[in-house]
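Excluded from the calculations below are hydrogen atoms, water molecules and symmetry mates; all remaining heavy atoms, backbone and side chain alike, are included.
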Amino acid sequence: PFGKGATDLSQCFDGILRQQVDPLAIQAGIPPEIIYGYAPHAEHIRYVTCYPTGFGRVRRRSARIAQGCPWSMRSLAICLNPWSKAGRLAGTLPRVRAEDLMVFATGDRAHLQTAEALLLAREYILDRRGKVKVEKTWAFGSSTMYRETLRRVKSANVTEPRDIVQEHR
């Protein structure tokens with residue numbers, strides 16, 4: 001028996017401020033020279049939104065981290081490390097896939113562990129002043145009972161049941 005679930009960090013990379021990440025990175029042991037050497041690069045990144053009809057307007061967002069950059073992914077990992085540790089303590093196998101937080105659990109309590117970890121993920125995101133995309137939060141269970149349990153889990157201020165998928169790749 002197993003349970004699995006995922007939730008999406010809405011505008012994940014837009015919401016992470018370097019001013020919040022840099023002290024955590026230093027505390028995690030990354031040399032300050034690397035962190036402060038990256039800052040001028042990040043401050044001069046130009047973001048362009050591309051549409052089918054052509055390029056969008058150029059925007060400067062110097063306080064944000066760049067999506068897809070190896071340093072950005074490391075920064076995200078530093079920010080999500082406490083969530084990952086809490087997920088392991090809850091009996092799940094937590095994973096971060098870009099802006100998706102995923103959990104996996106096996107055993108007789110897998111559905112309960114998955115439900116608890118999904119609620120913990122939402123709470124952690126909101127505590128960090130992030131946004132959760134409810135429509136991109138889903139769960140999967142190996143049995144009808146597991147799926148029904150996961151479907152009934154509701155977060156605060158969410159009225160509709162959680163999406164339960166029948167298959168996922």
A.B. asks: Work out which heavy atom in A6 is nearest to a heavy atom in L118; give both atom names and the distance.
C.D. replies: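 Shortest heavy-atom separation between A6 and L118 comes out as N-CD2, 3.7 Å.
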A.B. asks: Please list all pairs meeting side-chain hydrogen bond (donor to acceptor under 3.5 Å, both in side chains) that have one or both residues in residues 25-37, counting only residues at least two apart or in different chains.
C.D. replies: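 Sorted pair list comes back empty.
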A.B. asks: Compare every heavy atom of A110 with every heavy atom of A105, then report the nearest pair and how far apart it is.
C.D. replies: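 Reported closest heavy-atom pair: O-CB, 3.4 Å.
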A.B. asks: Testing the basics here: between Y146 and G141, what is the closest heavy-atom pair and its distance to 0.1 Å?
C.D. replies: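 Minimum heavy-atom separation between Y146 and G141: CB-CA, 3.9 Å.
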A.B. asks: Do any pairs count as a ring-ring contact (aromatic ring centres under 6.0 Å, His included) and have a residue in residues 87-108, sequence neighbours left out, and if so which ones?
C.D. replies: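 Sorted pair list: F2-F104.
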A.B. asks: Do E123 and L119 have side chains that get closer than 4.5 Å, going by heavy atoms?
C.D. replies: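 The answer is no; the side chains never approach within 4.5 Å.
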A.B. asks: Side-chain heavy atoms nearer than 4.5 Å, only ILVMFWY residues, links allowed to pass through others: does that put M145 and L112 together?
C.D. replies: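 No.
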A.B. asks: What residues form a side-chain hydrogen bond (donor to acceptor under 3.5 Å, both in side chains) with R95, not counting sequence neighbours?
C.D. replies: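 Testing R95 for side-chain hydrogen bond (donor to acceptor under 3.5 Å, both in side chains), a comparison that skips the adjacent residues, returns none.
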A.B. asks: Can you name the side-chain contact (heavy atoms from CB on, under 4.5 Å) partners of L80, sequence neighbours left out?
C.D. replies: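 Per chain and number, L80 pairs via side-chain contact (heavy atoms from CB on, under 4.5 Å) with L9, L76, V96, L101, Y124.
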A.B. asks: Looking at every heavy atom in both S84 and P94, which two are closest together, and how far apart are they?
C.D. replies: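 Closest pair (atom of S84, atom of P94, distance): O-CG, 3.2 Å.
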A.B. asks: Provide the closest heavy-atom pair for M102 versus W83 in the form atom of the first, atom of the second, distance.
C.D. replies: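 What the structure gives for the nearest pair is O-CH2, 3.6 Å.
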A.B. asks: Taking only residues two or more places apart in sequence or in another chain, which ones pass side-chain contact (heavy atoms from CB on, under 4.5 Å) with A86?
C.D. replies: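 Expected list: L120.
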A.B. asks: How long is the span from the OG atom in S142 to the NE2 atom in H111, to the nearest 0.5 Å?
C.D. replies: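 Rounded to the nearest 0.5 Å, the OG-NE2 separation comes out at 9.5 Å.
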A.B. asks: Distance check, rounded to the nearest 0.5 Å: T7 atom OG1 versus D100 atom CG?
C.D. replies: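 One gets 8.0 Å once the value is rounded to the nearest 0.5 Å.
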A.B. asks: For T149, check side-chain hydrogen bond (donor to acceptor under 3.5 Å, both in side chains) against everything at least two apart and list the hits.
C.D. replies: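 Expected list: none.
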A.B. asks: To check you understand the geometry: which heavy-atom pair defines the closest contact between L150 and A115, and what is its length?
C.D. replies: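 For L150 and A115, the tightest heavy-atom pair comes out as CD2-N, 3.6 Å.
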A.B. asks: Hydrophobic cluster membership, with links at side-chain heavy-atom distances under 4.5 Å among I/L/V/M/F/W/Y: are L89 and L93 in one?
C.D. replies: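 Hydrophobic grouping puts L89 apart from L93.
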A.B. asks: Residues in side-chain hydrogen bond (donor to acceptor under 3.5 Å, both in side chains) with T114, at least two apart?
C.D. replies: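 Applying side-chain hydrogen bond (donor to acceptor under 3.5 Å, both in side chains) to T114 gives none.
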